[in-house]
Novice: 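Below you will find the structure I want to go over with you.
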Amino acid sequence: MPRLVRAAAHGVLFCVIGCLALFGQDETGRLFLKNFTPRDYRGADHVFCSLQIDSGVMFFGTEDRILEFDGTIWRSWNSSGYAVKSLVVVSESQILVASEGDWGLLTITGVERKYRSIPLPAEIPDNWQTHGATVGPDGEWILSVTGGLVIKPAGAPAYWMPFEEDNQEVPQIFNHRENVLVFSPSIGLNEWRMGKLVKIVATDELSPASSISIADAPDRSSSTDSMLIGTHDGRLFRRQKNTIEQVDWPVTDLMVTTGIRSMRRLANGNLAVATNEQGILLLSPEGAIVQRVDQLRGMESQTVHHLFEDQEFGLWAGTDFGLSRVDLETPYTLFFRRDGLERSFINSFARHEGRLHIGMDRGAYVLQPAQMDKGWNARFFPIPDMEAQARSLLSTDHGLLIGTNEGLWWLPPGEEKPIQESTASLQGLEPVLTEKGQSQNRFWWWQHDQIGQGHWDGEQWVIGDPIVTTPDSIK
C-alpha cells in the first residue's frame, strides 16, 4: 500500500474501536473519514486545489502557499504569496501553478522545491483574479484572467486574449478528456480549438448560472463531448452530440436547495457533488443518493472548494478549514454513539422482520433505515422498557426472543415494546433444528452449566426445566 494512503487510512481506523460496521445501502452508517486541519499541516485554512503525481505524493494549493504530503510528512513551499487556484503537471519535473495575481512553475525534482514566476503580458487588467490554468491540445499553457485568457504557446512569450470590452468576469477553465473548456455567464460554454474559442453551449441554455462544474456522463461514453454540467444554482444538464438537456434525477429537487460547487465522476461510477454549503453528496450513476458527507458525519467544514480522487480511490475534499479524505473503497460504514449506540459492548446480532437488532449490555436496539434524501443516515434506537443486559437474540415467526440477565423477553410481531416472559438469567438462545430446518416453535437455552428448551404454547413462550447439566460453564 503506498505510504500516502496507508498513513491516512491508519488515522481513520483508530476511530473504529467501539463502532459497528455493516453492509447495505439503506443501513448506511458513516464513511471512513480523516480530517487534516491547518494545525496538522501548519498552513492556511482554505484549500482550493489538489494534484497527485505518479509517485503518490500529493500537492495542495492554499491561500498563500503550496502544501506537499507524502502520506506521513507535510511540507510547504512558497509560491507567489497569493491564493493558489490550480496545479497542473506540465512535465516530469514541473508543476504549473496558477494563483491570484501570478502564475509560475514549481520544480519538483530533488528534495527542495523551487518556484519561479512566468512573465505576463502587459495588457492584462490590474488586480486580476483567476479560476486556474491548464494545458491545451498543442501544449500551450492557458490561464484564466479577469476579462479574458492568457495564452503561452510552447517556446514563445505569453499573449493576452481579451473578451469583449469592459468584461470583468473571471472565466472558469476546465480540462475535460484533454479538451479545454471555458465558461463565463456572458460567453457561455466554449471549447478551445485551433487557437480560438468555439461556442458549444449557448449563453441562454445555462442562464442564469454564474458558475458551473463539469464531470463525465454516467455511462462514461467514449464521445469526447459527452458530459454533465452542474450549475451553481443546483441545475444539472447533460450534453451529448451537440445537444443539451436538463437531467431529471431523484436528487434533482434536493440539489436545487444545495447548489453545485464542484463535481467529479469517481472510479466506481458514482458521482461526487460538492454543494455550496452542505458538504458532499455521493450519487449513483442513476442519480440516487448513496451517501452524504458533511459536518454531521465528521467533516470539519460544510464548504468544499475542490474534489479529487487519489490513486487508492480516496476522495479528497479541499474545504475552507483544511482537507478531508473519504475512503470509498471499503465496503464498511461506521456507527458511533452519536448514531444511537451507548458506550458499551455489543453481545449479539439478529435480523428480525427485515431489520437489524443488536443486544448490548444495557438493552437491545433496532436499526432504522437511512433516508439520504432527507440527510438521515441509518440510526439505532433502543427497544423501549427494557434495560437488561441483552446477551442473545433469536428471530422466530412468533416474534423476537431476547435472552438477558433478567430472563427471557419477547417482542411480539409488529410491536415496539417487549414482554418479560421469565425472570431467570439466560446466557444464550439457539433454535432447535429439525429435518425441515429451524423450528419456529422451540429453542434451546443455556445458562452457566445448564441447558434446556423453551417452546411456544400458542399464546406465549414457556421456559422449560434444565435437561442437561455440564461439568463446565457453557460459553
Side-chain angles (χ1 to χ4, degrees), residues 18-24 26-27 335 337 339-369 378-475:
C19 302
L20 175 66
L22 295 173
F23 294 96
D26 60 350
E27 296 179 343
F335 291 85
R337 282 184 295 164
D339 302 307
L341 298 177
E342 291 189 356
R343 186 190 293 273
S344 179
F345 289 104
I346 298 173
N347 302 314
S348 55
F349 298 85
R351 189 167 295 280
H352 178 66
E353 295 181 342
R355 294 161 68 184
L356 187 71
H357 293 68
I358 62 172
M360 302 189 70
D361 275 355
R362 188 178 177 183
Y365 291 74
V366 58
L367 183 63
Q368 297 286 359
R379 181 177 177 84
F380 282 96
F381 289 88
I383 294 175
D385 298 342
M386 192 198 75
E387 296 186 355
Q389 184 184 61
R391 299 168 173 173
S392 184
L393 303 174
L394 178 61
S395 177
T396 76
D397 290 347
H398 308 295
L400 179 69
L401 298 181
I402 308 171
T404 77
N405 63 324
E406 297 178 358
L408 181 68
W409 292 73
W410 167 45
L411 185 65
E415 298 293 329
E416 295 184 355
K417 295 184 178 182
I419 300 170
Q420 189 171 12
E421 296 282 67
S422 70
T423 57
S425 178
L426 296 175
Q427 187 68 33
L429 305 173
E430 289 291 339
V432 172
L433 301 179
T434 68
E435 294 180 355
K436 296 182 179 180
Q438 177 178 323
S439 171
Q440 299 296 320
N441 298 308
R442 291 186 296 154
F443 65 90
W444 294 103
W445 62 263
W446 75 86
Q447 169 65 14
H448 296 312
D449 60 350
Q450 295 182 327
I451 302 174
Q453 276 196 14
H455 68 276
W456 174 252
D457 70 359
E459 294 184 357
Q460 62 183 2
W461 290 95
V462 178
I463 298 290
D465 294 331
I467 299 175
V468 176
T469 298
T470 63
D472 297 306
S473 178
I474 301 169
K475 298 296 184 182

Novice: Measure across A390 and T404 and return the closest heavy-atom pair with its distance rounded to 0.1 Å.
Specialist: CA-CG2, 4.1 Å

Novice: So do W409 and I383 actually touch side chain to side chain, heavy atoms under 4.5 Å?
Specialist: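 Answer no - side chains too far apart.
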
Novice: Run the side chain to side chain contact (heavy atoms under 4.5 Å, CB included) check on E406 and Q389 step by step: do they pass?
Specialist: CA-CA 8 Å; E406 297 178 358; Q389 184 184 61; over 6 Å; no

Novice: Kindly indicate whether the side chain of S395, heavy atoms from C-beta on, has any atom under 4.5 Å from the side chain of R351.
Specialist: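 They are not in contact (no side-chain heavy atoms under 4.5 Å apart), so the answer is no.
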
Novice: How far apart are the closest heavy atoms of A378 and D26, and which atoms are they?
Specialist: CB-O, 4.1 Å

Novice: Would you find more than 12 non-hydrogen atoms of other residues, nucleotides or ligands less than 6.0 Å from R379 atom CZ?
Specialist: yes

Novice: With a 6.0 Å cut-off (strictly less than), is the heavy-atom count around CD of E416, excluding the residue itself, greater than 12?
Specialist: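 It does not: E416 CD has 12 such atoms or fewer within range.
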
Novice: Are P412 and I419 side-chain neighbours, meaning at least one heavy-atom pair lies under 4.5 Å?
Specialist: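 A side-chain contact under 4.5 Å exists here.
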
Novice: Which pair of heavy atoms, one from L411 and one from E415, lies closest together, and at what distance?
Specialist: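 Scanning both residues, the minimum pair turns out to be CD1-O, 3.6 Å.
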
Novice: Would you check if there is a donor-acceptor pair between the side chains of S425 and R391 at a distance under 3.5 Å?
Specialist: yes

Novice: Evaluate the criterion side chain to side chain contact (heavy atoms under 4.5 Å, CB included) for residue pair I451 and I467; output intermediate values, then yes/no.
Specialist: CA-CA 6 Å; I451 302 174; I467 299 175; 5.7 Å; no

Novice: Please give me the minimum heavy-atom distance between P431 and W444, naming the atom from each residue.
Specialist: O-CD1, 3.7 Å

Novice: Measure across H398 and W461 and return the closest heavy-atom pair with its distance rounded to 0.1 Å.
Specialist: CB-CZ2, 3.8 Å

Novice: Rounded at 0.5 Å granularity, tell me how far CD in E27 sits from CZ in F380.
Specialist: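 Taking CD in E27 and CZ in F380, the distance rounds to 7.5 Å.
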
Novice: Ignoring hydrogens, what is the shortest heavy-atom contact between H352 and T396? Give both atom names and the distance.
Specialist: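 Here H352 and T396 meet closest at CE1-O, 3.7 Å.
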
Novice: For the OG atom of S473 and the CH2 atom of W446, what is their distance to the nearest 0.5 Å?
Specialist: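 Rounded to the nearest 0.5 Å, the OG-CH2 separation comes out at 11.0 Å.
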
Novice: So do W445 and L401 actually touch side chain to side chain, heavy atoms under 4.5 Å?
Specialist: no

Novice: How long is the span from the CG atom in D339 to the CD atom in Q368, to the nearest 0.5 Å?
Specialist: 13.0 Å

